[in-house]
Chemist: 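My questions all concern the structure below.
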Number of protein chains: 2
Amino acid sequence: MSPQQRKSEEAGSRENERRRTILRAAIDVFARKGYHGCRIADVAREAGVAYGLVYHYFKNKDELLETVAETGWSGFVSRMRTVAESEDASLEDKVRGIADVAFEAYRVDPRAVKVLILEVARSPAGGHVVSRQQAFLGAIRMAAEMFARAQSTGELRSDLDPMLCASLLFGAIEMGLTAFVSGLMEDRSPEALDRAKVQIAESFLRGVLPGAAPSAEASWKQEKQSSGTRPKAGKRS
Amino acid sequence: MSPQQRKSEEAGSRENERRRTILRAAIDVFARKGYHGCRIADVAREAGVAYGLVYHYFKNKDELLETVAETGWSGFVSRMRTVAESEDASLEDKVRGIADVAFEAYRVDPRAVKVLILEVARSPAGGHVVSRQQAFLGAIRMAAEMFARAQSTGELRSDLDPMLCASLLFGAIEMGLTAFVSGLMEDRSPEALDRAKVQIAESFLRGVLPGAAPSAEASWKQEKQSSGTRPKAGKRS
DNA sequence: TCCCCGGCTGACTCGCGAGTCAGTCGGCCG
DNA sequence: CGGCCGACTGACTCGCGAGTCAGCCGGGGA
């Protein structure tokens, strides 16, 4: 190992050591108190470093969140892309794969997922620094394309809007995770997590795949076999 | 109309006139810039009233959001309760009814729904003001109970976790609405909305009902015109 | 040994925006 | 008509917390 290598490597890892410590602390604090609900001082204390050092590594508070979002999200997206764009896998497997990726991410780092879901994906953002939910929307679009492709090969019912399918899938996954994140599910064992994952993936697939259910396209036209009066409509006087 | 009635009604509505104006302005501003991204001054300007008047009607900024959440959410929950707890309706109809309620709310007041979804349901806030997401979780629990009951009558596959079903349904609906809220769906016509609603409800049902398929019941065709009498989904009390 | 350099420190500044309050105005009652 | 009451106003206060910066070490090189 040459001196240069050693030097730069050491320096690099040492520098990143601190940087990472701060990032880690930021994730934990954001998860606990929310982005708006915490001060930089909290992050510094959590990281065990001086207040000013945070500003040595990050331009400002916003960049801190930005970086958390960036790193966390890019990992998820690249993994998801591998799944969604694999040539030989069936749609079913892809969907299961995506659920896998999401739940695995939660298993590995629940707090980071919490921040990603609560602060990034749903940032109310009026001005919203673009990269934020743009990345999120990008993931949905990617899924939508996957579904569109699946439609052309007949793997997906053709009467569904791909974009809506993507929303449905992500909504189900996200809300499933939220149930854990928010403590709605009291049992957070790995087994419970796995069960949830499977249920979500399978229920989604049942609802969306063609065949099996006879009523696919036909049912859209079929007459109502009146199951009681259901006086509701989309219009209001 | 008795004098008392008239009097109190007038007084009530006059006082509330201002109050409502401010509330309305708050919803619009929150929807546009987010809760944290706006100042009380913005709300006052939007409402066309003096800065101080906002504090005449609301204790502080938080109570403003609280009130927005309260009113918007209670309307939704009570409507949803009527649907979820109706004795004679099938699970299918209940699910469709819930989707109806949600999408109707969006049709009537998209901005309020945006605020509810973005600022209330997912308020990142660690622990604070309970009533916020507690109400949201309450709705999920209500749905979970509905699903549990449906399981006991065999209307729902018994291998599913009711709580998870509820999460799935809400996740799908919420994300569907989010797709509109965030502009992911470019077509926001009432028809597109209706299509989305139906797809979500039907996909969910297919995925979750026992047996081969949901009893093919495609009643949305006539739904569009059945508007005769319908006491539900008439936003704002 | 001493000096220099850069990671590191934390007390300080300063702007922003929530919340206050002394005062105005119009309407109603005696 | 005069005095009271309460909705309404908006300039002001003040605390909070983001961001700054002058200076402090500790290690490495001369």
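All values below come from the heavy atoms of this structure, side chains included, with hydrogens, waters and symmetry mates left out. Source: prediction; values computed, not measured. Every chain is numbered from 1, with letters handed out A, B, ... down the list of sequences.
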Chemist: C:dG19 P sits how many Å from B:D62 CG, rounded?
Modeler: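 Roughly 8 Å, once rounded to whole Å.
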Chemist: Side chain of A:Y51 only, heavy atoms from C-beta on: which candidate in C:dC8, D:dG19, C:dG19 is closest?
Modeler: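 The nucleotide sitting nearest to the side chain is D:dG19.
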Chemist: From the options C:dG7, D:dG19, D:dC8, select the nucleotide whose nearest atom is closest to the side chain of A:K61.
Modeler: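 Nearest to the side chain of A:K61 among the choices is D:dG19.
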Chemist: In whole Å, what is the span from the NE2 atom of A:H56 to the P atom of D:dA18?
Modeler: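 Checked: the NE2 to P distance equals 20 Å.
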Chemist: CZ of B:F58 versus P of D:dC8: gap in Å, rounded?
Modeler: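 Value for this atom pair: 12 Å.
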Chemist: B:N60 has an atom CG; how far is it from atom C1' of C:dC21, in whole Å?
Modeler: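 The answer, rounded to whole Å, is 17 Å.
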Chemist: Is the shortest distance from a Lys or Arg side-chain nitrogen in B:K94 or B:E85 to a carboxylate oxygen in the other one below 4.0 Å?
Modeler: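 Looking at B:K94 and B:E85, the cut-off is not met.
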Chemist: Measure from CG on B:L53 to C1' on C:dT24 and round the result to the nearest Å.
Modeler: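 One finds 14 Å between C1' of C:dT24 and CG of B:L53, rounded.
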Chemist: Among the candidates C:dG7, D:dA7, C:dA18, find the nucleotide nearest to the side-chain atoms of B:I40.
Modeler: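 Looking only at side-chain atoms, B:I40 lies closest to C:dA18.
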Chemist: Rounded to the Å, how far apart are B:R45 CZ and C:dG17 C1'?
Modeler: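 Distance, rounded to whole Å: 13 Å.
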Chemist: 5'-most contact on DNA chain D: B:G48 or A:C38, nearest heavy atom basis?
Modeler: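 Mapping each residue to its closest nucleotide by heavy atoms, the 5'-most match is B:G48.
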Chemist: Under a 4.0 Å N-O cut-off, is there an ion pair linking A:E46 with A:R32?
Modeler: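 A:R32 and A:E46: salt-bridged.
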Chemist: Does a nitrogen or oxygen in the side chain of B:R18 sit under 4.0 Å from OP1 or OP2 of D:dC8?
Modeler: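 So the side-chain polar atoms of B:R18 do come within 4.0 Å of the phosphate oxygens OP1 or OP2 of D:dC8, strictly under.
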Chemist: By nearest atom, which of the nucleotides C:dG19, D:dA7, C:dT9 is closest to the B:Y55 side chain?
Modeler: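 That would be C:dG19.
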Chemist: Is any NZ, NE, NH1 or NH2 atom of the basic residue among A:K114 and A:D109 found under 4.0 Å from an Asp or Glu carboxylate oxygen of the other?
Modeler: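 Result for this pair is no, no salt bridge flagged.
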Chemist: Rounded to the nearest Å, what distance is computed from the NE2 atom of residue A:H36 to the P atom of nucleotide C:dG17?
Modeler: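 In whole Å, C:dG17 P lies 13 Å from A:H36 NE2.
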Chemist: Thinking salt bridges, do A:R96 and A:D100 make one under a 4.0 Å N-O criterion?
Modeler: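 No, this pair does not count.
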Chemist: Look at B:R195 together with A:D161 and state whether they make a salt bridge at an N to O cut-off of under 4.0 Å.
Modeler: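 Answer for the salt bridge query: no.
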Chemist: Take the protein atom CD1 of A:I22 and the nucleotide atom P of C:dG7, then report the distance between them rounded to whole Å.
Modeler: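 Going from A:I22 (CD1) to C:dG7 (P), I get 12 Å.
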